[in-house]
Protein chains: 2
Amino acid sequence: MTVSPPPRPAKRPTLADVARASGVSVALASIVMRGAEGASETSRQRVKAAAAQLGYRPDSRARSLRSHRSRTIGLALALGEPLHAELADALYAEADARGYQLLLGATGAHHNGQRAMDTLVDAGVEAIISISSSLSSAQLGQITTRVPVLSLLRRYRNHRSVLTDEAAGIEQLVTHLVDGGHHRLLHLDGGHAVAADQRRVAFERAVAQAGDAVSGLVLPAGADESSAATVLGTYLTQTAAASRATAVLAFNDRAALGARQAIIDSGLHIPGDIALTGFDDSEFARLAHVDLTSVRQDVAALAASAIAGVLATLDPDTKDDTSLAIFHAPHLVVRGSSREKKPPHRGIDP
Amino acid sequence: MTVSPPPRPAKRPTLADVARASGVSVALASIVMRGAEGASETSRQRVKAAAAQLGYRPDSRARSLRSHRSRTIGLALALGEPLHAELADALYAEADARGYQLLLGATGAHHNGQRAMDTLVDAGVEAIISISSSLSSAQLGQITTRVPVLSLLRRYRNHRSVLTDEAAGIEQLVTHLVDGGHHRLLHLDGGHAVAADQRRVAFERAVAQAGDAVSGLVLPAGADESSAATVLGTYLTQTAAASRATAVLAFNDRAALGARQAIIDSGLHIPGDIALTGFDDSEFARLAHVDLTSVRQDVAALAASAIAGVLATLDPDTKDDTSLAIFHAPHLVVRGSSREKKPPHRGIDP
DNA sequence: GCACATGTCTAGAACGTTCTAGGAAAGTGT
DNA sequence: ACACTTTCCTAGAACGTTCTAGACATGTGC
């Protein structure tokens, strides 16, 4: 069997080609292609037909060079974070609906956030949405002189931010657990992770508000499986069963997975001996075998707000929405890992 | 405390500004900025100083519009895939070392691969690397008429591909398990995932080559946690202990995680009752509590080959490397989930 | 019939860069 | 002094698009 070599990239058709093919001026072809008004229906059809026939695609470099409008938004995120992936998906949908394209830049071990942003700016994005940015406020300010930036999931005092109301999520968890008869709660802290401080503080406040009968303990851990497993494992072996916490609130789902392992390894049962909750409602929290109670961030709403917020700064027409921070309430997703002991059979996810 | 409003993006300095500030022509400033020859050392210094002072950054849209060189490579990948994240990281490092930038496009539920590619092409990338592309050969051919495309992890007959030798990995796994005394092997198939067919076929061949004493069973599952958990769970409850497989080869690490859950929930122990292996050696495979034997794809080598391959098609200077497919050998990483039963204590990772 | 608005179209400048072609100045060999 | 090369520099076109300004019909009110 013969294998044909990869074809050589051919010259891409230009607006001039389309204009020539349809017998109109370049300017008119331009009007038609960007759907502006000022062209008759008949020429509109002819130009579009010619464009389709030639396989014409407008060159966004030239377009944005001239018009300062690329209809492209940059998205800076961390690869490998499930929540970021979910958000990106929702952002794509939202941007799409408004006729915008998304261009991604990743932050990671071999490429810091600054570089990612620069690449996006160079590529001509009109604005940038940065998820859980790792940049300092000063760095972000630097970039803002080039292009508007909106921070998603992380709050910056001087920049537009779209956020989840972490405290509300924690409160819902605590209420749910206390209602379920738990009086000794344990929070595995997220360490240096972005929302860790807020969740810890919210936990402490929620416990205080739950009354004297309820006590709360915070153990410093981290945002991933291993530290949570280690910390909780140590706690469980060193604490007498009588004074042990009956419910564990892990910083997020990944930490909860580690905690789950530690609990099982200690010979304890979930939720019979200890209830367990996570945060983020990742894909694996929903697995039948993990069945983890978690807090679902409102991904669709966050994405919609982010896109809307960015477009508002771009479009001077829109009412001047000066809101710097927009919070979205998350909602509790109760699953088997925290159900009350009374009903013996497993429930069904809503 | 007063909060300053986000600063308005200012006009970005242009090459003309730099030229004016340093008292030379735009053309000369251009020569200096791109490091071309034909400028004296003194003017080189003056221009560079002025550029630095103004905070000038070349506009890559204009640059690539004129020169057809953006020094940018597009990368199409699936978000949320740990291996893709690892590869992206390595690709960033590699591209960086050669003075290229990376621009990402994601494929996902709300945005197909075609759109992602189009966005990248519109943005002016010189070439595209597509990881585990979901595109048909015809679609890829279509894009290749615009810009060279290299497929990473998935093979296309008519296009440059950089691949892992899947069969070699599976063979290593089977050999390792058979050496460990396992005679009944079970492979959880990856369903429609990209490399699923190759891994299944390689499994069947390796089992056949292992002799009559060794038998292999293939169960259709999928590339993620849930299907693997369900399929294996059903198998374990329906199969008598005596005839049960003693080792499970999951399609990849994610599937292995699901399989692991099913095994534990069935009251069985790893590796005592059943050995378990994954594929990809993701971050979580290395976690102390998961401790999963896996096959590590040579991420660094794959990334280096991909970048080199792409640049070779771009640069006519390079020797005409007509190799359409480059394979890299993966290597086995043995961990606790498949260790022989004899030594009771846990080993240490190499 | 005039003035004016409206609808459709086009020429040519502009965006910020690179490239081509060539000019000016200085050195080199005879 | 001449022809020639080399080094450094610059004007102006070009890339593919959008934008501005205006041309040319055609209609509309009076």
Side-chain angles (χ1 to χ4, degrees), chain A residues 9-48 50-51 54-72 101 121-126 146-147, chain B residues 9-48 50-51 54-72 101 121-126 146-147:
Chain A
K11 198 183 148 294
R12 163 179 183 144
T14 119
L15 202 50
D17 297 328
V18 174
R20 202 173 312 115
S22 47
V24 301
S25 70
V26 174
L28 184 54
S30 169
I31 288 174
V32 171
M33 286 323 289
R34 74 192 121 101
E37 56 186 17
S40 69
E41 195 49 43
T42 50
S43 30
R44 225 171 260 281
Q45 307 239 335
R46 270 203 302 168
V47 170
K48 275 184 181 163
L54 290 174
Y56 168 77
R57 285 186 60 87
D59 185 318
S60 97
R61 320 198 295 292
R63 175 176 274 193
S64 90
L65 181 59
R66 180 59 241 246
S67 67
H68 302 280
R69 307 233 49 193
S70 58
R71 299 201 75 87
T72 302
Q101 295 185 304
V121 172
D122 289 350
V125 300
E126 293 183 33
R146 299 266 124 94
V147 86
Chain B
K11 198 182 148 294
R12 163 178 183 146
T14 120
L15 202 49
D17 297 328
V18 174
R20 202 173 312 117
S22 46
V24 301
S25 71
V26 175
L28 184 54
S30 169
I31 288 174
V32 172
M33 287 321 291
R34 74 193 122 100
E37 56 186 18
S40 70
E41 194 49 43
T42 51
S43 30
R44 225 171 260 279
Q45 308 238 337
R46 270 204 301 168
V47 170
K48 276 184 179 162
L54 291 173
Y56 169 77
R57 285 185 61 88
D59 184 318
S60 92
R61 318 198 297 291
R63 177 176 272 191
S64 90
L65 181 61
R66 179 61 243 245
S67 67
H68 302 133
R69 306 235 46 192
S70 58
R71 297 200 76 87
T72 302
Q101 294 184 305
V121 172
D122 291 349
V125 300
E126 292 183 34
R146 301 265 125 95
V147 83

Closest-nucleotide 5' rank along DNA chain D - winner of Ile31(A) and Ser40(B):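 Residue closer to the 5' terminus by nearest nucleotide: Ser40(B).
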
Position toward the 5' end of DNA chain D (nearest nucleotide), Pro13(A) or Val24(B):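 Per heavy-atom nearest nucleotide, the more 5' residue is Val24(B).
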
Got a second to check how far [X]'s [atom1] is from [Y]'s [atom2], nearest 0.5 Å?
X        : Y        : atom1 : atom2 : result
Ile31(B) : Ser40(B) : CD1   : OG    : 10.5 Å
Arg20(B) : Leu15(B) : CZ    : CG    : 10.5 Å
Arg61(B) : Ser60(A) : CZ    : OG    : 9.0 Å

For the student: nearest non-hydrogen atoms of [X] and [Y], plus distance:
X        : Y        : result
Ala39(A) : Arg44(A) : O-NH2, 3.4 Å
Asp59(A) : Leu65(B) : OD2-CD1, 4.2 Å
Val32(B) : Ser43(B) : CG2-O, 4.5 Å
Thr14(B) : Tyr56(B) : C-CE1, 3.6 Å

Polar side-chain atom of Glu126(B) near backbone of Ser70(B) as donor-acceptor pair, under 3.5 Å: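 Checking the backbone N and O of Ser70(B) against the side chain of Glu126(B), a donor-acceptor pair under 3.5 Å is found.
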
Range on DNA chain C touched by chain B - first to last nucleotide, heavy-atom distance under 4.0 Å: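 Endpoints of the contacted stretch of DNA chain C: dG16(C) to dC19(C).
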
Trace of the side-chain contact (heavy atoms from CB on, under 4.5 Å) decision for Thr72(A) with Ser64(A): CA-CA 9 Å; Thr72(A) 302; Ser64(A) 90; over 6 Å; no

Touch class at under 4.0 angstrom, heavy-atom based, for Ala39(A) against every strand present: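 Since only primed, P, OP1 and OP2 atoms lie under 4.0 Å of Ala39(A), the category is sugar-phosphate.
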
Sugar-phosphate, base or nothing in reach of Ser30(B), heavy atoms under 4.0 Å: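 Ser30(B): base contact, heavy atoms under 4.0 Å.
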
Any residue of residues 57-66 of chain A with a heavy atom less than 4.0 Å from an atom of DNA chain C: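 Only Leu65(A), Arg66(A) qualify.
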
Atom-to-atom span, CG of Leu28(A) to C1' of dG22(D) - whole angstrom: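 It works out to 16 Å between those atoms.
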
Separation of dC8(D) P from Arg44(B) CZ (nearest whole Å):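 From Arg44(B) CZ to dC8(D) P: 9 Å.
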
Residues Ser30(A) and Arg34(A): side-chain donor-acceptor under 3.5 angstrom: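 Short answer, yes.
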
Give me the distances for all protein-to-nucleotides 23-28 of chain D N/O pairs that come in under 3.5 Å?
none

Test: Asp122(A) and Arg12(B) ion pair at under 4.0 Å: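 Salt bridge between Asp122(A) and Arg12(B), a charged N being under 4.0 Å from a carboxylate O: yes.
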
